[in-house]
2 protein chains.
Amino acid sequence: MMKIGELARRSGLTAYTIRYYEQIGLLPVADKDASGQRDYDASILTWIEFLGRLKSTGMPIREMLRYARLRQQGEASEAERRLLLERHRDKVLANVADLQANLLVLDAKISGYADAEQRIETNGQQQRKPLRARHARTL
Amino acid sequence: MMKIGELARRSGLTAYTIRYYEQIGLLPVADKDASGQRDYDASILTWIEFLGRLKSTGMPIREMLRYARLRQQGEASEAERRLLLERHRDKVLANVADLQANLLVLDAKISGYADAEQRIETNGQQQRKPLRARHARTL
DNA sequence: CTAGGTGTTCGAGCGCACTCTAAGTCAAGG
DNA sequence: CCTTGACTTAGAGTGCGCTCGAACACCTAG
């Protein structure tokens, strides 16, 4: 129904990447048409999109692979899949918290530069020593 | 005052990484003692910590390098450094938003698995068709 | 019927950020 | 004096996730 080029366009992956994902087992081995070309059903897009979410939340390919293999084993693996996703979610939550903490520091530093500009704009002659000193220490 | 081993312990980087960072210009060329060994002042820790924040918020080394070089050029580069940090902060903010959106989807999926377990626990015989169907589609 | 476009396989190559090996120097303790 | 351990350099190797090249097959439009 859909060859690799169209799937590439629709999924945002390159054809190279799609073949690579099939090769390592992230995507199921595709059906081939009479002349040996991969032929995809639109439903694969849902799976690719989900893989994209795992990837963009920082899951390494090895772990996506674990998930993909569990999925192929059918319903019996649901509990394990759930566990895998829960653990991943917790890592992502921790990561977000970390990013937010670092953002605070970043903003503080940016404010420091903003203050420095203020001093230059409002004052061509004497520099206010205490602020300068604070800035130098922050650097 | 502090040799590379101690700096490694205190900064969390390995000695390998410290030399590598010096080599590429992320860390200033260290002073050497009489026998040619690197000798660090504790103040380097502040800089390394800041580099760590940039790194853990996803800044590539190339860009940290730009920042490091600007810093070495002194006060004149403050406006540009500020701009660099502001742009980076905006990327991090966007990234956090993205992660949070993906977390919502992840949680929804986890809930789906939890529902499936519920159905199994509370019901050995008949499976509620509509829920199953929804789950299958979600997969 | 032929040119262009899209597909195929296999294996090599790349960019990033380290990480380690080898061979050697040096200072301090037993 | 000699060993131990931390250091030095240059350069090779690693792991991840693609990305591409070469050589060839196939379908479609002009």
Side-chain angles (χ1 to χ4, degrees), chain A residues 1-41 44 47-69 88 91-92 95 98 102, chain B residues 1-41 44 47-69 88 91 95 102:
Chain A
M1 339 215 157
M2 169 161 51
K3 290 195 280 183
I4 201 170
E6 192 184 343
L7 180 58
R9 254 168 279 122
R10 293 226 254 160
S11 66
L13 301 178
T14 67
Y16 293 135
T17 305
I18 293 169
R19 290 194 201 95
Y20 168 69
Y21 278 4
E22 177 182 321
Q23 187 185 299
I24 64 176
L26 261 195
L27 294 178
V29 173
D31 295 341
K32 307 283 182 72
D33 71 10
S35 67
Q37 300 192 187
R38 287 174 182 77
D39 212 352
Y40 295 96
D41 186 285
I44 193 79
W47 174 234
I48 291 179
E49 194 202 331
F50 183 64
L51 286 178
R53 288 185 194 281
L54 295 181
K55 176 172 141 74
S56 74
T57 48
M59 185 184 282
I61 281 189
R62 277 181 142 61
E63 204 171 340
M64 293 190 220
L65 221 46
R66 282 223 305 131
Y67 187 87
R69 283 192 283 250
H88 179 59
K91 278 180 207 156
V92 179
N95 183 222
D98 207 78
N102 283 333
Chain B
M1 338 212 156
M2 169 162 43
K3 289 195 281 181
I4 200 170
E6 192 185 343
L7 180 58
R9 254 170 279 122
R10 292 226 256 161
S11 66
L13 300 178
T14 66
Y16 294 137
T17 305
I18 293 169
R19 290 194 202 96
Y20 167 69
Y21 278 4
E22 177 181 318
Q23 187 185 300
I24 65 175
L26 260 195
L27 293 178
V29 174
D31 293 342
K32 309 282 182 71
D33 70 10
S35 68
Q37 300 193 188
R38 288 171 181 76
D39 213 350
Y40 295 97
D41 185 287
I44 194 79
W47 174 235
I48 291 179
E49 194 203 330
F50 182 64
L51 286 177
R53 288 185 195 281
L54 294 181
K55 175 172 143 74
S56 74
T57 48
M59 185 184 282
I61 281 188
R62 276 177 146 55
E63 204 171 341
M64 291 190 222
L65 221 47
R66 282 224 302 131
Y67 187 88
R69 283 192 284 249
H88 180 59
K91 279 181 207 155
N95 184 223
N102 283 333

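Just so we're clear, the structure is a prediction, and the values are computed from it rather than from any experiment. Order of the sequence lines sets the chain letters (A, B, ...), proteins ahead of strands, with each chain counted from 1. The basis for the numbers below is simple: all heavy atoms, side chains too, and nothing from hydrogens, waters or symmetry mates.
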Whether A/Lys32 contacts C/dT9 is assessed here as follows: a side-chain N or O lying under 4.0 Å from the phosphate OP1 or OP2. Is that the case?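 Answer is yes, contact under 4.0 Å.
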Nucleotide nearest [X] (side chain, heavy atoms from C-beta), chosen from [options]:
X       : options               : result
A/Ile4  : D/dG17, C/dG7, D/dC7  : C/dG7
A/Arg62 : C/dT8, C/dC16, D/dC16 : D/dC16
B/Ile61 : D/dG17, C/dC18, D/dC7 : C/dC18
A/Arg38 : C/dA17, D/dG17, C/dT8 : C/dT8

Quick one: [X] [atom1] to [N] [atom2], roughly how many Å, whole number?
X       : N      : atom1 : atom2 : result
B/Glu63 : C/dC16 : CD    : C1'   : 15 Å
A/Gln23 : D/dC20 : CD    : P     : 16 Å
B/Asp33 : C/dT25 : CG    : P     : 16 Å
A/Lys55 : D/dC16 : NZ    : P     : 14 Å
A/Ile24 : D/dG15 : CD1   : C1'   : 14 Å
B/Asp31 : D/dC7  : CG    : P     : 16 Å
B/Met2  : D/dC7  : CE    : P     : 12 Å
B/Leu65 : C/dA17 : CG    : C1'   : 13 Å

Gap separating the CZ atom of B/Arg19 from the CD1 atom of B/Ile24, nearest 0.5 angstrom: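 Going from CZ on B/Arg19 over to CD1 on B/Ile24, the span is 14.5 Å.
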Tell me, yes or no, whether the heavy-atom count around B/Asp31 atom CG, taken from other residues, nucleotides or ligands under 6.0 Å, exceeds 12.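 No, CG of B/Asp31 has 12 or fewer neighbouring heavy atoms, counting only those of other groups under 6.0 Å.
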Can you see which heavy atom on [X] is nearest to which on [Y], and at what distance?
X       : Y       : result
A/Ala15 : A/Ile4  : O-CD1, 3.6 Å
B/Leu13 : B/Ile48 : CD1-CG2, 3.7 Å
B/Leu54 : B/Thr57 : O-OG1, 2.8 Å

Name the orientation class of the two ring planes belonging to B/Trp47 and B/Tyr67 (parallel below 30°, tilted from 30 to 60°, perpendicular beyond 60°).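 Ring orientation of B/Trp47 relative to B/Tyr67: parallel.
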Specify the residue among A/Met64 and B/Gln37 whose closest nucleotide of DNA chain D lies further upstream toward the 5′ end.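 The residue mapped nearer the 5' terminus is B/Gln37.
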Any side-chain to backbone donor/acceptor pair from B/Asp39 onto B/Lys3? Under 3.5 Å, distance only.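 Checking the backbone N and O of B/Lys3 against the side chain of B/Asp39, no donor-acceptor pair under 3.5 Å is found.
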Looking at DNA chain C, which of residues 6-21 of chain A put a heavy atom within less than 4.0 Å of it?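 Going residue by residue through residues 6-21 of chain A, the ones with a heavy atom under 4.0 Å of DNA chain C turn out to be A/Arg19.
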With nearest nucleotide decided by heavy atoms, which residue, A/Gly5 or B/Pro60, maps closer to the 5′ end of DNA chain C?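 Result of the comparison: A/Gly5.
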